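As C-alpha cells, the structure follows; a few thoughts come after it.
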Amino acid sequence: MPEGHVVHRQAKEITRLFSRQQVAVDSPQGRFSDSAKQITGSVLTKAEARGKHLFIKFTDSSEIHVHLGLYGKWTFLESPPEPKGLIRLRLITPGACAELRGPNACSLLTSAESKEVRKRIGPDPIRRDDPSTTRDKVLSSSAPIGALLMDQKLFAGVGNIYRAEVLFRHNINPNDQGRSLTNETFNAVWEDLCVLMKAGVRTGRIDTVYPEHEPRAMKRKAREDRHGGEVYVYRRDGQPCHVCGSEILMTSMLGRNLFWCPQCQK
DNA sequence: GCCATATGGAAAG
DNA sequence: TTTCCCTATGGCA
C-alpha cells in the first residue's frame, strides 16, 4: 500500500540483497509459475523504481514488473520460511528471501515490453526528473489540481497522502483548476514533492508537518497511523487543523478520499 | 467470525 | 462513473 517513496526503498533493498547473484524464483501461489520457471536461476542485475512501478532486471535483459496496487506487499527475510498465505513471487538466494503478496501487477517482460510500460510513467520527483512537460500540462488544464496530482503520467509516485499534504502545505484548494496556479506555485509544489518524498525514501515514513506546528498531544497518535509519520490533513477529518483549528474535512475526488482544511485551503 | 477499509489502477459500461 | 481485482488487518460483535 505504498506511495513512490516505499517503492524506491524496496528497489534499493532488492538490489542490495540480490544484485549480481543467481536467484531462485518461484510462485507458491501459482499465478506467476510459468514466468518464474523461465527466469529462475538467472543473475539479477538490479532493481529500479519509477514512480510506483518496480522493475527487477536480469542479465538476459528481461525484467519482472511489479505494481503493488492497494494491497501489495513485500516481505524481506534471511531465509524462506514455510509459505504462509498467498505468495505470488519469491526471490531466494542462500542469504536472503523476498516474498511478494497481493500485487496489482507482476509479470515478466522483455526489454521492449518494459519500454512500453515506462512510457506510461511520468516524471518522478524522487528521481528529480524534469517536470517541464508536467508544468505545461498542469498550467493549461481545467481539471482540478487534486485530480492532476494523482495522474501518474504527470506526478509519478504521488499518492493519496502526498496529494493531500502538498496541497495543504501550499494553501491550495483541491478543486482549483490546474491553470489557476501560477508558475511559481507549480514550481514550489514540485520542489516540495522532491523534498518530502526523498525524505520519505530515507525514513520510510511520511512526515509533512513543520516542527512549529507539531502538537505535542497528537504526536504519538499520528505516528501510530499507517503511513507512520505526522501529517496535517490525511485521515484527520473531524479533527482540528494543526494551524488554524478548523475542522478538517473529507470529500471524495477520483473515487478516493481527499482531506483538506477549508480555512487554510480557500 | 464478519465487515469495512486501505498509500492503486485498469477494464467495463 | 462504476466495477473489479489483488490480500491483510483492525474494529466490532
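In this text the structure is predicted, and so the values were computed from the model without any measurement. Lettering follows sequence order; numbering is per chain, from 1.
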Under 4.0 Å, counting only non-hydrogen atoms across every strand here, what does Leu86(A) touch: a base, just sugar-phosphate, or nothing? sugar-phosphate

Once you round it to whole Å, what is the distance between C1' of dA8(C) and CG of Leu68(A)? 13 Å

Leu54(A) CG - dG8(B) C1' separation (whole Å): 15 Å

Assign Gln29(A) to base, sugar-phosphate, or nothing according to its heavy-atom contacts below 4.0 angstrom with the strands shown. sugar-phosphate

Look at the side-chain N and O atoms of Tyr162(A) and state whether any lies under 4.0 Å from the OP1 or OP2 oxygen of dT7(B). no

What N/O pairs connect the protein and nucleotides 9-11 of chain B at under 3.5 Å? Give each pair on its own line.
residue, atom, partner, partner atom, Å
dG9(B), OP1, His67(A), NE2, 3.2
dG9(B), OP2, Lys52(A), NZ, 3.4

In one Ile/Leu/Val/Met/Phe/Trp/Tyr side-chain cluster, 4.5 Å: Leu91(A), Val7(A): yes

Between Leu70(A) (CG) and dA4(B) (C1'), how many Å, whole number? 14 Å

Of the non-hydrogen atoms in Ala147(A) and Met253(A), which two are nearest, and what is the gap between them? N-SD, 3.5 Å

What is the separation between atom CZ on Arg101(A) and atom C1' on dA6(B), rounded to the nearest whole Å? 17 Å

For Gly200(A) against Tyr162(A), the heavy-atom pair lying closest together: CA-OH, 3.9 Å

What pairs of residues pass the salt bridge (Lys or Arg N to Asp or Glu O under 4.0 Å) test when at least one of them lies in residues 125-150 of chain A, not counting sequence neighbours? Arg127(A)-Asp129(A), Arg128(A)-Glu191(A)

Do the ring planes of His213(A) and Tyr232(A) sit parallel (below 30°), tilted (30 to 60°) or perpendicular (above 60°)? perpendicular

Rounded to whole angstrom, note down the P distance from dA10(B) over to dA8(C). 23 Å

Between CG of Leu100(A) and C1' of dC5(C) the distance, given in whole Å, is 15 Å

Here's a test of your reading of the structure: between Gly102(A) and Gly255(A), which maps to the more 5' nucleotide of DNA chain C? Gly255(A)

Within 6.0 Å of CD in Glu78(A), more than 12 heavy atoms from elsewhere: no

Ring-face cation contact, Tyr234(A) with Arg163(A), 6.0 Å cut, 45° max: no

Rounding to an integer number of angstrom, what distance separates dT5(B) and dT3(C) when you compare their P atoms? 16 Å

Length of the CZ-C1' vector between Arg88(A) and dA8(C), whole Å: 14 Å

Can a side chain N or O of Asn257(A) be found less than 4.0 Å away from OP1 or OP2 on dA6(B)? yes

What's the CZ-P distance between Arg235(A) and dA4(B), to the nearest Å? 17 Å

Rounding to a whole Å, what distance do you find between Lys84(A):NZ and dT7(C):P? 17 Å

